[in-house]
Amino acid sequence: MASSKSSQTTRNIIIACLALWSVISLITIVVWATSPDMKGASQCRAELQAMQKKFDDEKAVWAKDRQALEDMVRHGWDNQTILQSRIDQLKDQLRNVNLSLDSCLQESAALRANITSLENEIELHKATEANLTAEISQQQDLIENLSFNLTQTVTELETCTELTKAAKILQTVAEKQKEGCLTNQKNLQKQLAKCQKQTQAEYHGSGSSNDGPPGPTSGIAMVMVICFSLLLVP
């Protein structure tokens with residue numbers, strides 16, 4: 001609105017200047033025509049016609065200039081309207097840019113906060129990773145010790161298994177030997193009983209014929225039977 005008023009005022013000033021110039025020209029012509037030292041009528045008429053023609057020419061030029069000025073003012077007004085519209089558009093764009101800038105600044109602050117939080121989490125994860133690495137090392141050492149102990153245990157178990165097998169074999173042999181010894185013991189007991197009967201019979205026979213001590217042969221036989229029986233008892 002201010003620019004339109006300024007253009008209207010400029011146009012009015014130009015029109016007033018042209019009108020004033022026309023009035024001054026007419027006054028000059030009238031004063032010159034009524035001056036005391038008047039020239040000849042024909043000369044005055046000729047000069048008047050020349051001046052009238054000049055005035056008409058200048059009036060035509062003034063009309064053209066006025067039209068041109070009015071066109072310029074109109075174009076200026078149109079251009080000013082376009083420029084004002086463009087300025088309004090630029091203002092809207094600038095407002096949107098400022099809003100976008102504020103949003104970007106807020107997002108940047110949020111991102112910086114997120115980056116700080118992520119850096120703290122990374123440091124925490126690094127510390128956790130270091131602790132886990134130490135624990136893994138300890139676990140690996142423990143696993144190696146357990147593997148070594150397991151190897152020793154397996155070796156001992158295999159040794160024990162072999163010893164158990166050998167013990168079972170020895171037990172089987174011992175049981176067989178025991179069975180043989182028991183059989184021999186029974187046989188020897190039978191032989192001992194038989195020998196005792198024979199000894200008693202011989203003792204009673206010799207006693208009836210001779211009252212002296214028993215003969216050495218029967219005593220030696222009894223001692224040998226008793227020694228064999230003691231050796232065979234498990």
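Just so it is clear, the values below take in all heavy atoms, side chains as well, and ignore hydrogens, waters and symmetry mates. Positions are given from 1 along the sequence.
- L170 CG to T164 OG1: the interatomic distance, rounded to the nearest 0.5 Å, is 11.5 Å.
- Within the model, atoms NZ of K168 and NZ of K165 stand 9.0 Å from one another, a figure rounded to the nearest 0.5 Å.
- Side-chain contact between Q185 and Q189 is present, with at least one heavy-atom pair separated by less than 4.5 Å.
- Between the S103 side chain and the L99 main chain, no donor and acceptor come within less than 3.5 Å of each other.
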| message | Could you walk me through whether E123 and E119 satisfy the side chain to side chain contact (heavy atoms under 4.5 Å, CB included) test, starting with their C-alpha distance in whole Å, then the side-chain angles of each, then the deciding distance to 0.1 Å, before giving a yes or no? | response | CA-CA 6 Å; E123 294 297 328; E119 288 177 350; 5.6 Å; no
| said: Run L101 and L105 through side chain to side chain contact (heavy atoms under 4.5 Å, CB included) and show every step you take. | reply: CA-CA 6 Å; L101 181 61; L105 291 175; 4.3 Å; yes
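- By the 4.5 Å side-chain criterion applied to Ile, Leu, Val, Met, Phe, Trp and Tyr, L142 is assigned to a cluster that also includes L146.
- Atoms OG and CD, from S100 and Q93 in turn, are 11.0 Å apart once rounded to the nearest 0.5 Å.
- The neighbour count for E129 CD, taken as heavy atoms of other residues, nucleotides or ligands under 6.0 Å away, does not exceed 12.
- A donor-acceptor contact shorter than 3.5 Å is absent between the side chain of S108 and the backbone of C104.
- Atom CD of E58 is separated from atom CG of D65 by 10.5 Å, given to the nearest 0.5 angstrom.
- Side-chain atoms of Q191 and N187 include no donor-acceptor pair closer than 3.5 Å.
- Here D92 pairs with R95 under the salt bridge (Lys or Arg N to Asp or Glu O under 4.0 Å) rule; sequence neighbours left out.
- Ion pair R74/D71 flagged as a salt bridge, since at least one NZ, NE, NH1 or NH2 atom sits closer than 4.0 Å to an Asp/Glu carboxylate oxygen.
- How far CD of E158 is from CD of E156: 11.0 Å, rounded to the nearest 0.5 Å.
- Between R66 and I15, the closest side-chain pair of non-hydrogen atoms falls below 4.5 Å.
- Side chain of S85 to backbone of T81: no donor-acceptor contact under 3.5 angstrom is found.
- Atom NZ of residue K126 and atom OG1 of residue T133 lie 13.0 Å apart, to the nearest 0.5 angstrom.
- Evaluation of the salt bridge (Lys or Arg N to Asp or Glu O under 4.0 Å) rule for D102 yields no partner, not counting sequence neighbours.
- Counting only distance, with no hydrogens or angles, the side chain of S117 and the backbone of A113 share no donor-acceptor pair below 3.5 Å.
- No side-chain donor from either of R112 and T116 sits under 3.5 Å from a side-chain acceptor of the other.
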